[in-house]
Amino acid sequence: MKCYKCNRSIESGLSFRPVDAAGTPGRRWICNECQGIKEETVESVIQEAIMTDQERAIKVLRDWNDGCRDLGCEIHTDSISDAINVAIYALEKQIPNKVHMDKLGNDAACPICKTVLADDEIWSAKEHIIYCENCGQLIDWSVEE
């Protein structure tokens with residue numbers, strides 16, 4: 001097996017991914033280096049281990065979408081790319097974002113769309129506000145000290 005771009009073989013120690021669908025005559029392969037994917041390091045393995053399921057899914061979808069678009073894969077179409085982007089957007093909404101506090105600490109707003117979620121009058125109800133009612137972002141009410 002050789003990379004169709006740089007002609008390096010699998011014996012080079014690089015990882016390879018298919019470019020064409022299984023069963024395609026003359027199926028092409030590309031090494032991770034030519035595809036712009038970094039080889040694993042201790043740091044990248046640790047970072048991968050602490051990722052949430054949503055973050056991991058987003059990474060896989062982005063890598064696949066970018067890789068196929070860059071390589072011109074036959075199975076990659078605008079509608080598939082749009083669907084992947086919608087899935088990434090929905091997954092990003094499931095990752096909690098810390099609430100944005102105003103300078104006086106009286107109002108709490110969504111970190112994405114800046115909709116006021118709690119003010120002086122409804123501050124005690126903040127634990128019942130899980131998602132932004134405007135954009136659907138999951139809210140993290142924890143306070144860093």
Side-chain angles (χ1 to χ4, degrees), residues 1-24 26-103 105-119 122-123 125-145:
M1 170 186 329
K2 290 188 175 191
C3 174
Y4 84 98
K5 279 191 166 184
C6 68
N7 211 28
R8 284 183 276 199
S9 70
I10 196 160
E11 288 81 26
S12 66
L14 295 171
S15 300
F16 284 77
R17 294 176 184 216
V19 174
D20 305 306
T24 303
R27 187 176 189 191
R28 297 174 301 160
W29 294 80
I30 187 165
C31 69
N32 282 353
E33 191 171 294
C34 286
Q35 196 173 358
I37 298 173
K38 296 178 182 175
E39 292 297 319
E40 288 187 337
T41 63
V42 172
E43 292 82 16
S44 68
V45 171
I46 291 170
Q47 183 63 35
E48 182 78 20
I50 61 173
M51 291 174 85
T52 65
D53 290 341
Q54 292 89 348
E55 291 168 328
R56 195 171 293 109
I58 290 167
K59 181 182 181 318
V60 168
L61 288 170
R62 278 197 178 126
D63 288 350
W64 188 87
N65 200 26
D66 294 345
C68 278
R69 184 180 46 250
D70 294 346
L71 297 172
C73 295
E74 296 171 12
I75 60 172
H76 194 266
T77 63
D78 287 341
S79 60
I80 290 173
S81 181
D82 290 346
I84 289 170
N85 288 331
V86 167
I88 289 170
Y89 181 76
L91 285 166
E92 287 174 337
K93 294 288 185 183
Q94 295 177 22
I95 299 170
N97 262 322
K98 290 203 179 293
V99 70
H100 176 76
M101 299 298 297
D102 71 359
K103 292 180 182 177
N106 297 328
D107 294 341
C110 172
I112 303 302
C113 71
K114 308 302 183 221
T115 297
V116 175
L117 304 170
D119 57 22
I122 60 167
W123 191 252
K126 71 176 183 165
E127 62 270 2
H128 300 292
I129 302 170
I130 300 169
Y131 290 92
C132 173
E133 63 185 31
N134 185 52
C135 73
Q137 177 62 50
L138 182 61
I139 302 298
D140 177 0
W141 288 95
S142 65
V143 178
E144 292 182 10
E145 296 181 20

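Computation of the quantities below employed the complete heavy-atom set of this structure, encompassing side-chain atoms and omitting hydrogens, waters and symmetry-equivalent molecules.
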Notebook entry, point to check: N85 and L61: side chain to side chain contact (heavy atoms under 4.5 Å, CB included), yes or no, with the steps?
Noted result: CA-CA 8 Å; N85 288 331; L61 288 170; over 6 Å; no

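- Interatomic distance, CG of D63 versus CD1 of I58, reported as 11.5 Å (0.5 Å rounding).
- Separating the CH2 atom in W29 from the SG atom in C34 is a distance of 15.0 Å, to the nearest 0.5 Å.
- For the atom pair CG (N65) and CD1 (I80), the distance works out to 9.5 Å, reported to the nearest 0.5 Å.
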Notebook entry, point to check: Going through the checks in order, is the side chain to side chain contact (heavy atoms under 4.5 Å, CB included) test met by C110 and N134?
Noted result: CA-CA 9 Å; C110 172; N134 185 52; over 6 Å; no

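- Here the CD1-OH distance, from I139 to Y131, works out to 10.0 Å after rounding to the nearest 0.5 Å.
- Judged by distance alone, the side chain of W141 and the main-chain N or O of I129 form a donor-acceptor pair under 3.5 Å.
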Checklist line | Working for side chain to side chain contact (heavy atoms under 4.5 Å, CB included), residues I112 and K93 | finding: CA-CA 9 Å; I112 303 302; K93 294 288 185 183; 3.9 Å; yes

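- Minimum interatomic distance between A109 and L117 (heavy atoms only, all atoms of both residues): C-CD1, 3.9 Å.
- Side-chain contact check for R28 versus P18: every heavy-atom pair is 4.5 Å or farther apart.
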Notebook entry, point to check: Going through the distances and angles, do N97 and D140 end up as a side chain to side chain contact (heavy atoms under 4.5 Å, CB included)?
Noted result: CA-CA 5 Å; N97 262 322; D140 177 0; 5.9 Å; no

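- Using a 4.0 Å cut-off between charged nitrogen and carboxylate oxygen, K59 and E92 do not count as a salt-bridge pair.
- Atom NZ of K2 is surrounded by 12 or fewer heavy atoms from other residues, nucleotides or ligands within 6.0 Å.
- Atom CD1 in I30 sits 10.5 Å away from atom CD in E33 (nearest 0.5 Å).
- For the pair I95 and E55, the minimum side-chain heavy-atom distance is below 4.5 Å.
- We find the CD-CD distance between Q137 and Q94 to be 10.0 Å, quoted to the nearest 0.5 Å.
- Side-chain contact between P111 and K98 is absent, with no heavy-atom pair separated by less than 4.5 Å.
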